[in-house]
Amino acid sequence: MEEKRIGVYVCWCGNNIALMVDVEAVSEEMKKLPNVVIAKNYKYMCSDPGQDLIINDIKEHNLNRIVVAACSPRIHELTFRKALENAGLNPYMFEMANIREQVSWVHTNREEATRKAKSLVVGAINKVSFHEPLDKRSVDIDPATLIIGGGISGISAALLIADSGNKVYLVEKTGKLGGHTANVDLTFPYLYSAQQMIDFKIKRLINHPNIELFLDTQIEEIFGYVGNFETTLKINTAEKVELKFGNIIVATGLKTFDPSGIEEYGYGKLPDVITSSEFEKMLLHGKVQTKEGKVPKNVVIIHCVGSRNKNYHEYCSRTCCMTALKYSNQLRSALPHSNIFQVYADMRAFGKGCEEFYTQSSRKDIMFLMFDQQNELPKIREAGKKDNCNLIVEINEKLSGEPIEVPADLVILMTSMEAHEEAKNIAHAVGISMCGNDFYIEKHPKLDPVATTTDGVYIVGTCQGPKDIPDSISQAEAAAARILAIILQGSVHVEVTTAFVNEEVCCGCQTCICVCPYTAISFDEEKNVSVVNEILCKGCGTCGSACPTGAIRCRHFTDKQILSQIEGLMSITLEEV
Amino acid sequence: MGEDEKNKKPKLKMAVYWGAACGGCCVSVLDVHEKLFDVVAAADLVFWPIALDFKYKDLKAMPDGYIDLTLYNGAIRNSENQHIAMLLRQKTKILVAYGSCAHMGGIPGLANFSTKEQIFDRIYCDTESTENPEKIKPQHIYKVPEGELELPIFYNDVMPLDQVVCVDYYLPGCPPQTERLLEVFMAIVNGSELPSKKTVIGAYEKSQCDECERKKTENKKIKKFYRPWEIEDDGETCFLEQGVICLGPATRGGCGTRCIKGNAPCRGCYGPPPDVSDPGAKMMSAIATMIDANDPEEIENIIEQIEDPAGTFYRFSLPGSILRRKVV
Ligand SMILES: Cc1cc2nc3c(=O)[nH]c(=O)nc-3n(C[C@H](O)[C@H](O)[C@H](O)COP(=O)(O)OP(=O)(O)OC[C@H]3O[C@@H](n4cnc5c(N)ncnc54)[C@H](O)[C@@H]3O)c2cc1C
Ligand code: SF4
Ligand code: SF4
Ligand code: SF4
Ligand code: SF4
Ligand code: SF4
């Protein structure tokens, strides 16, 4: 075996590390270890001169393994791997010890901190001693895209991808396109017609040569991995269509909350208590009226129905406040002499043009009443004979502290957005996860908001969380752009730190199969061994810890590497005890 | 001397010795039955206290490297075990750790869950059948009118053979399957190429499940653990799938799945597969994935049902595992 020649570099991170850790002492100590050829410390290892230090030493001293003790590998592991590559070394012959987030930033005793830094670096040196070079792998990309869901999100993504000349398969479970946007009359805050916006897009979509549309269709199972997925669509139970595609966009949208469970509101029992969706229907038909066909004199709009309340959904549905203001505006124009009450919990008017919309709406002779959403919901009851209205809404008004009764002929409940009941079927079919509220989880909430942990699968629009039309379209087009970038590259890199099975040792116990969160492992009956599909495998390591024989090994995190790292971590402490 | 005699290979010189052992390993050597003639034809037994009348002084007198093959069975429990192990190492070309006790500590190794004091207190003072009001316990040196009596030092730790001397090969099993011993023996006699040093011989790379004829699937979901006598074993389904802990997956093959064939789960005497350093830990993490619950409290309740987990998962391997012993 080739002689191990390790270079160790301890970073000061300016004062960030050097103030709390004696970097000089750390690098000096490492010089004593076997196989360590060079140990240095430097002000900023991630800077160009810092990286050049490594590159030059690799060339000059024939180093074949590198350890950098600096910040978190999340920040600079890639930087240093690149440096190794530039020096002609395999980038995986590298290990990072985090002596900033895990040491200097969290400790106050310099001596102890220095000792802990030493332990971490010895651990890294031990681990890197057993590293093996790993090769980059890539797979070809099928340029077709499958889009699940034909709402505004799915439609927007489909048009962008199809316009670029690439094939799109759009699958919609109902018989019509447009989703909830097609059920909305005007949109906040500029009161544009939703119909006009969506009709134009639908027309373009239907006639698009690159888009194949499947209405009344549902996805059952999808096989494969990024670049090479496939599924069989069952249309009208008889016909079967086989599709192959390289990427998937999930745009299955939202479901509106059913308020019949909220006793205070009497929805379902009191005919003139309706949901926002039902009110949109009235608006679309151009007639705002009570069940009996009368023009309502008093209209009460109640916010946060099913949102921001532990008994229903804790989250905010983001669009209801503005939609409610939109209704005030529409009502004021349609019924100039009516009394309009906004019964709200907090007025949330974030977003472009929305605060202005609020100011402008509040000048239109609308009564704003606040209630305590956490502790006391308003109560709706039938009005008495003597009252000059259908219903009475009782509120403990929060700002005045007074209990008041509001007359109503029509009450609109601003129902929340929620995930579809069958969201988990799609999650299972495409291999993505859901959060506690059943919305799909993005790969990173800040840095990677439309991708998922399964390569090649993107989530857009309201299936990811409540949002309005422009946000849905932004996500849809962002995902389309991500996919087009991959199609342009023609291939993608896939994870290299994957698991693999040593067939000489695997006993066929199948313990590993159900633990894999990415269903990457299957069983080969003939050979009586398990097999990892290394393109599906994400290198999460679960199978490696479950396998009782040590047959499944996770590259870059083998038992040997980890045990020797632990040994290294403990060596400094043991020496002193 | 006739031509035949001259061409005959020189006979192998062989020794068998026991440290902290039960005697089963020595019996397994005797178990070669009629094959004993082949063994005797090929080898001279130069030291085997359980079966033949040799003395310590005979061993001491042998030149270094005189013995070709020594099967050392039993663990290292006291200074006598260690002393003879070191002497045998000096006198032997190929030293084999024979049986589970020599390999990883075996059943005597479970004593590492206690200290020397606890063991002496229990054995010499507290057992239900002991009458010892003066609490007399064995001493290393004891003075009598005739002079000084010396007993071996009882160590606090039980050790496998390779923690006191360099071992050439390991032949696992409690006791090893006699067929495996014969295969290894004949290979040495015939001068076949031996595997690289410090490896396990007389056992397979693959673990028990590979050979085991019970039906197994990926569906190992355990809601309740059973001791073997608590279920009506159907004789066909993998023990784990019936909720009975079987160490087969983390145990090398080679015994011919002899326990499983007798409708008892494997208890792990053949030791771990090649790359595993701690079979107990491996088996525990495998079992953890099989527990069929998501609620932490329910999981805890299910785990609680495992009778003597340390003894179950480390039955034959405690001193040779990463754990080695209970810290006191
Ligand atoms: C009453 C109301 C008023 C609103 N007013 C406004 C407004 O004024 N301004 C604004 O910006 N936003 C408004 N919104 C929000 C807006 O409707 C949404 O942001 C938008 O519709 C989200 O689009 P989407 O494509 O993500 O989801 P959706 O519109 O829900 O579309 C999802 C589509 O996917 C289909 N689908 C679902 N599951 C499957 C499956 N398994 N397989 C195949 N297809 C499936 C559905 O049938 C549907 O066609 C309002 C919402 C409501 C409820
Ligand atoms: S490492 Fe994780 S993703 Fe890869 S096969 Fe194992 S369990 Fe599955
Ligand atoms: S858990 Fe290990 S030994 Fe068992 S089937 Fe999977 S890879 Fe093979
Ligand atoms: S390995 Fe088993 S048979 Fe051999 S001495 Fe130990 S306990 Fe006895
Ligand atoms: S776990 Fe035991 S019973 Fe099940 S297949 Fe393996 S050896 Fe056989
Ligand atoms: S089945 Fe297991 S416990 Fe029984 S002899 Fe074989 S290895 Fe030992």
Side-chain angles (χ1 to χ4, degrees), chain A residues 1 130 132 433 436 499-517 519-532 540-555 557-570 574 577, chain B residues 200 203-222 237-241 245-254 257 260 265-266 268 270-292 313 317 321-323 327:
Chain A
M1 214 219 279
F130 293 103
E132 285 162 9
S433 329
F500 67 102
V501 175
N502 178 355
E503 295 186 355
E504 306 280 303
V505 172
C506 171
C507 68
C509 69
Q510 303 168 52
T511 308
C512 51
I513 292 179
C514 19
V515 303
C516 176
T519 51
I521 312 175
S522 55
F523 191 63
D524 181 336
E525 298 278 349
E526 214 155 283
K527 288 192 189 157
N528 193 33
V529 294
S530 284
V531 186
V532 175
C540 73
T542 315
C543 60
S545 50
C547 169
T549 66
I552 281 205
R553 254 192 262 174
C554 301
R555 292 191 174 87
F557 297 94
T558 62
D559 281 9
K560 205 179 204 165
Q561 289 164 352
I562 290 176
L563 288 172
S564 68
Q565 186 174 22
I566 294 173
E567 224 169 90
L569 275 173
M570 298 196 304
L574 288 180
V577 168
Chain B
V200 169
Y204 309 140
E205 300 246 295
K206 294 221 181 203
S207 60
Q208 298 289 339
C209 307
D210 183 56
E211 245 183 296
C212 172
E213 284 164 6
R214 287 187 174 238
K215 275 198 262 35
K216 52 193 164 288
T217 65
E218 60 185 88
N219 183 33
K220 295 183 170 53
K221 295 263 167 265
I222 301 178
T237 311
C238 164
F239 278 112
L240 284 169
E241 285 166 39
I245 293 178
C246 176
L247 261 57
T251 307
R252 274 183 195 258
T257 61
I260 298 150
C266 170
Y270 260 62
D275 284 338
V276 174
S277 46
D278 195 311
K282 276 280 177 212
M283 198 60 213
M284 277 191 280
S285 35
I287 291 263
T289 68
M290 299 172 194
I291 290 171
D292 190 13
F313 294 114
S317 64
S321 70
I322 296 174
L323 223 52
V327 182

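Residue numbering restarts at 1 for every chain, and letters A, B, ... go by the order of the sequence lines. The basis for the numbers below is simple: all heavy atoms, side chains too, and nothing from hydrogens, waters or symmetry mates. Owing to the predicted nature of the structure, the values given are computational and were not obtained by experimental measurement.
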Cut-off 4.5 Å, heavy atoms of chain A, and the answer for B:Ile322 is side chain
The residue among B:Met283, B:Lys216, B:Met290 that forms side-chain contact (heavy atoms from CB on, under 4.5 Å) with A:Thr511 is B:Met290
Checking B:Lys220 side chain against A:Cys509 main chain: does a donor-acceptor pair fall under 3.5 Å? yes
When rounded to the nearest 0.5 Å, the distance separating CZ of A:Arg553 from CG of B:Asp275 is 4.5 Å
inquiry  = Tell me whether the count of non-hydrogen atoms from other residues, nucleotides or ligands lying under 6.0 Å of NZ in A:Lys527 goes above 12.
reply    = no
- Message: Keeping B:Lys206 on the side-chain end and A:Glu504 on the backbone end, is there a donor-acceptor pair under 3.5 Å?
- Response: no
Check: B:Ser207 side chain, A:Thr549 main-chain N or O, donor-acceptor pair, under 3.5 Å | no
message: When you compare the side chain of A:Leu563 with that of B:Asp278, does any pair of heavy atoms fall below 4.5 Å?
response: no
- Query: Any side-chain heavy atom of A:Lys560 sitting closer than 4.5 Å to one from B:Ser277?
  - Reply: no
Q. Any donor and acceptor pair, going by atom type alone, linking the side chain of B:Lys282 with main-chain N or O of A:Ala546 inside 3.5 Å?
A. no
If one checks every heavy atom of A:Glu525 against chain B at 4.5 Å, the contacting part turns out to be neither
Determine whether B:Glu218 and A:Ile521 make a side-chain contact, defined as any pair of heavy atoms from C-beta on separated by less than 4.5 Å. no
Applying a strict 4.5 Å limit to non-hydrogen atoms, the region of A:Val515 in contact with chain B is side chain
If one checks every heavy atom of A:Cys512 against chain B at 4.5 Å, the contacting part turns out to be neither
In terms of heavy-atom contacts, B:Pro274 and A:Val505 come closest through CG-CG2, 4.2 Å
